[in-house]
There are 2 protein chains.
Amino acid sequence: MTDGAQGEVEVREGRATIVDVARRAGVSKSTVSLVLGGSSLVADSTRERVADAMTKLGYIYHRGAATLRGAKSGVIGMVINDLSNPFYVELAIGIEQACQGGAYIPFLANTAENPVRQQQVIRSMREHGAAGLVLAPAIGTSASELKPLLAGLPVVQVMRRLPGLKASLVAPQNKEGARKATVHLIANGHKRIAFVGGMSSLLVRDERLAGYRIALEEAGIPLDLSLVIETTTNYSGGGGAAPQLLNLPEPATAALCFNDVVAIGLVRGLTEAGVSVGADFAVIGFDDIEEAKHTLPALTSVVVNGRDLGSRAAQLLMRHLASGDFEPEAVLCPTTLAIRKSSGAPKPNPLGGN
Amino acid sequence: MTDGAQGEVEVREGRATIVDVARRAGVSKSTVSLVLGGSSLVADSTRERVADAMTKLGYIYHRGAATLRGAKSGVIGMVINDLSNPFYVELAIGIEQACQGGAYIPFLANTAENPVRQQQVIRSMREHGAAGLVLAPAIGTSASELKPLLAGLPVVQVMRRLPGLKASLVAPQNKEGARKATVHLIANGHKRIAFVGGMSSLLVRDERLAGYRIALEEAGIPLDLSLVIETTTNYSGGGGAAPQLLNLPEPATAALCFNDVVAIGLVRGLTEAGVSVGADFAVIGFDDIEEAKHTLPALTSVVVNGRDLGSRAAQLLMRHLASGDFEPEAVLCPTTLAIRKSSGAPKPNPLGGN
DNA sequence: TAGCAGAATTGGAACGATCCAAATCGGACG
DNA sequence: CGTCCGATTTGGATCGTTCCAATTCTGCTA
């Protein structure tokens with residue numbers, strides 16, 4: 001009378017195991033294991049009986065036990081530096097999309113630009129047997145602190161590169177993108193062009209800044225360091241830069257921003273100061289996040305396409321995993337310029353001096 | 001001569017195990033296990049020797065093996081319906097923050113409003129031994145399809161409630177929030193107030209819509225269904241609604257939107273149609289995402305505080321985990337109204353009609 | 001110096017899966 | 001009717017950890 005097994009789904013004590021399923025289906029655990037593996041060896045009738053027992057018992061596969069015997073976990077980790085930046089969200093979504101239908105499920109962890117948390121998170125992912133990592137490193141990460149943690153694991157870095165780390169990289173052509181944007185501003189008649197946002201510790205900023213400098217140089221415009229402003233990489237960083245740009249002895253008339261979030265902040269700051277962006281002042285962002293198309297005025301931006309970048313990174317990682325060849329590879333994606341209202345030409349100087 | 005062990009970090013074949021560490025430190029695997037568990041039983045000198053061996057070998061804990069013996073995985077899963085909506089990103093960040101320093105590390109998975117993917121993702125998290133789940137269900141999820149997957153697992157739903165699922169809930173007071181917002185519009189003199197965005201299948205929309213209706217009713221304004229517009233829940237949904245609102249025989253002068261993203265899209269649509277939002281037309285959003293403060297004009301919005309919500313959800317889950325008591329609990333968070341420029345009063349009617 | 005208590009350490013025996021070699025089954029064939 | 005063969009099925013042994021009971025150490029006391 002203890003075992004009136006005939007009801008619907010019955011969840012016994014704790015988790016049902018492969019052995020419980022086997023008992024219920026009247027086969028051995030080995031057979032159940034074969035069914036789980038989708039083997040063609042088992043007879044259809046048996047397979048059915050086993051599948052039945054599994055749903056009846058609410059069986060859940062125990063991957064931990066499986067990895068113990070060498071099975072792969074089917075998980076890849078996405079370790080992302082800053083999810084409050086929409087661009088990195090796009091990136092994460094791109095990674096996920098590339099994993100759709102594939103053999104891997106991606107788990108995401110946000111490090112919030114905190115290297116300590118990054119360590120924790122990577123460690124935890126390894127402990128759970130992640131097969132590989134897509135890593136957008138936090139600011140201030142050093143390759144040496146990550147090396148022991150990453151030993152033997154295939155890793156693809158996105159956006160940011162850690163010098164000294166032997167791992168693949170997927171990144172946009174930052175320098176060329178910044179150059180194109182600056183050229184556009186110059187072509188629109190601007191001479192006092194600022195570069196706003198980012199911290200000097202960011203390699204990516206160096207690259208974008210380099211493109212900016214090259215464009216100025218090509219146009220014969222001398223670099224004025226008072227036009228290069230470091231800020232935090234968020235809305236308020238951009239907002240704070242507005243007065244600085246306007247209060248210069250010779251004020252700026254245009255700005256290339258480190259990214260879109262900074263640019264949007266700057267647009268707001270300028271507008272509040274009474275400057276009409278797109279008419280009196282040109283602003284260009286970087287990344288072209290979804291939001292850029294919906295601001296007022298719509299934001300001109302260097303198109304990086306985070307989804308595409310993420311997707312490529314995931315594909316590269318899966319290629320590494322499939323081939324077992326972890327030899328680093330670098331993919332640099334070309335950028336384009338999406339020209340919208342925010343980068344309009346400056347008003348012709350009413351005094352006539354060009 | 002085979003084993004010249006004296007170098008730096010040496011990574012032998014595959015993953016180092018507890019036994020390798022034990023051998024290297026000259027102790028038994030049991031002792032290493034004790035060290036891992038932070039037991040006070042082992043002598044300090046031994047602990048040190050073991051720790052040393054671990055770093056030297058690049059040892060990585062194998063959680064799979066541990067959970068096999070009943071240890072908890074230390075992971076909680078965040079299953080989020082739509083990361084391309086900044087509000088849910090805020091929510092996720094709030095969950096993460098609550099886990100900081102705690103015993104759990106959160107892993108995030110985005111279901112992109114796809115119930116099938118949601119199943120996969122939840123299954124995968126269970127297979128990996130997630131201790132609990134924070135779940136923001138995808139549109140179209142039915143409780144019955146999730147029930148067997150969730151059996152025995154503590155779950156906290158956020159934002160959306162699945163009728164019939166026995167699980168805790170953390171959500172904002174949608175009805176009251178929408179009511180307050182609508183009252184504000186009415187107080188500013190509006191009579192033709194629209195409700196824009198969301199699909200009728202969303203319970204949350206029903207709640208917000210209910211608040212809107214109550215406010216109208218209280219003010220004696222008859223409900224006009226041509227002012228209630230369903231859209232996709234993204235920027236373009238809001239944009240598309242603009243002409244519909246303006247082309248009515250008796251056009252709307254204000255709109256409460258289902259969420260901020262829709263509202264921002266609507267503002268853009270209205271502006272492009274030549275309407276001055278904040279002067280000729282009032283728009284209120286819902287959620288108060290970071291971006292709302294930085295749009296032009298700044299967006300009036302019902303403050304939901306996603307971080308707080310996420311944080312509460314995580315705390316509730318951890319309380320469930322700590323106590324072992326999974327009895328469902330509902331937390332409804334009050335909302336406030338952040339009044340900004342977008343909801344200015346309508347211009348007095350030049351024709352003098354009230 | 002034997003005995004003893006407490007501190008520190010240590011051998012299994014699990015846990016739930018996989019996988020290999022071996023066993024069983026069911027016809028078909030000579 | 002005995003064999004053989006392909007198709008199925010099945011016992012271990014094993015993976016890396018935890019945990020319990022048992023053992024060894026180390027001083028110290030009587």
Side-chain angles (χ1 to χ4, degrees), chain A residues 11-51 53-54 57-75 123-124 126-130 152, chain B residues 11-51 53-54 57-75 123-124 126-130 152:
Chain A
V11 181
R12 285 256 165 287
E13 219 37 46
R15 193 166 179 154
T17 80
I18 208 180
V19 179
D20 301 325
V21 174
R23 191 170 16 242
R24 167 128 194 168
V27 297
S28 79
K29 63 179 168 39
S30 303
T31 304
V32 177
S33 176
L34 287 175
V35 171
L36 281 174
S39 162
S40 59
L41 284 179
V42 320
D44 287 346
S45 63
T46 316
R47 186 194 318 284
E48 205 171 311
R49 217 149 18 99
V50 170
M54 290 204 284
L57 291 175
Y59 170 74
I60 290 178
Y61 186 66
H62 194 310
R63 246 170 227 285
T67 55
L68 209 44
R69 284 285 308 184
K72 275 288 113 219
S73 74
V75 165
R123 155 149 269 124
S124 183
R126 288 216 76 168
E127 291 181 353
H128 282 91
Chain B
V11 181
R12 284 254 166 291
E13 218 37 47
R15 193 165 178 155
T17 81
I18 208 182
V19 179
D20 300 327
V21 174
R23 193 173 12 243
R24 169 130 193 167
V27 298
S28 79
K29 63 178 170 39
S30 303
T31 304
V32 177
S33 177
L34 287 175
V35 171
L36 282 174
S39 162
S40 59
L41 283 177
V42 327
D44 287 347
S45 63
T46 316
R47 185 195 318 286
E48 204 173 310
R49 219 150 17 98
V50 170
M54 291 204 285
L57 292 174
Y59 170 74
I60 290 178
Y61 186 65
H62 194 308
R63 245 169 227 284
T67 54
L68 208 44
R69 285 285 308 182
K72 273 288 113 220
S73 73
V75 165
R123 157 150 268 125
S124 184
R126 286 217 79 169
E127 290 181 353
H128 283 90

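Values in this document were obtained by computation on a predicted structure and should not be read as measured data.
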Exercise for review: Side-chain contact test, heavy atoms from C-beta onward, threshold under 4.5 Å: evaluate it for A:Val21 versus A:Arg24 and give yes or no.
Suggested key: no
Exercise for review: List the steps, then state whether side chain to side chain contact (heavy atoms under 4.5 Å, CB included) holds for A:Ser124 with A:His128.
Suggested key: CA-CA 6 Å; A:Ser124 183; A:His128 282 91; 3.8 Å; yes
Check your understanding: Can you tell me how far P of D:dT18 sits from CD of A:Glu127, to the nearest Å?
Key -> 11 Å
Study note, to complete from the structure: In short, A:Ala53 meets A:Ala25 closest at the heavy-atom pair CB-CB, 4.0 Å
Practice item. Please state whether the base of C:dG11 and the side chain of B:Ser28 form at least one donor-acceptor pair under 3.5 Å? Key: no
Review point. Going by heavy atoms in the side chains, are B:Ile18 and B:His62 under 4.5 Å from each other?
Key: no
**Study point:** Distance in angstrom units between B:Leu57 CG and D:dG16 P, rounded
**Key:** 14 Å
Review point. Does B:Ser30 have a side-chain nitrogen or oxygen under 4.0 Å from the phosphate oxygens OP1 or OP2 of C:dT9?
Key: no
Review point. B:Asp20 has an atom CG; how far is it from atom C1' of D:dC15, in whole Å?
Key: 13 Å
Check your understanding: Has the side chain of B:Arg69 got a donor or acceptor atom sitting under 3.5 Å from an opposite partner on the base of D:dT17?
Key -> no
Point to revise | For atom CZ of A:Arg15 and atom P of C:dA17, their distance in whole Å | key: 8 Å
Review point. NZ of B:Lys72 versus P of D:dT17: gap in Å, rounded?
Key: 18 Å
Check your understanding: What is the minimum heavy-atom distance between B:Arg63 and B:Lys72, and which atoms define it?
Key -> NH1-O, 3.8 Å
Review point. Counting side-chain heavy atoms from CB outward, which of C:dT18, D:dT10, D:dT18 is closest to A:Ser33?
Key: C:dT18
Point to revise | Integer-rounded Å distance: D:dA7 P and A:Asp44 CG | key: 14 Å
Check your understanding: Is B:Thr17 touching bases, backbone alone, or none of the nucleic acid, heavy atoms closer than 4.0 Å?
Key -> sugar-phosphate
Check your understanding: Does C:dT9 have OP1 or OP2 sitting under 4.0 Å from an N or O in the side chain of B:Thr46?
Key -> yes
Exercise for review: For the side chain of A:Lys29, starting at C-beta, report the closest nucleotide among C:dT9, D:dG12, D:dT9.
Suggested key: D:dG12
Check your understanding: With a 4.0 Å cut-off on heavy atoms, is B:Ala71 in touch with a base, just the backbone sugar-phosphate, or nothing at all?
Key -> nothing
Review point. Which listed nucleotide (C:dC15, D:dT18, C:dT10) is nearest to the side chain of B:Val27?
Key: C:dT10
Practice item. Provide, to the nearest angstrom, the distance between the CZ atom belonging to B:Arg63 and the P atom belonging to D:dT18. Key: 10 Å
Exercise for review: Rounded off to whole Å, could you give me the CZ-to-C1' distance for the B:Arg47 and C:dT9 pair?
Suggested key: 13 Å
Exercise for review: Report the residue (A:Ile18 or B:Val42) whose heavy-atom-nearest nucleotide on DNA chain C is the more 5′ of the two.
Suggested key: B:Val42
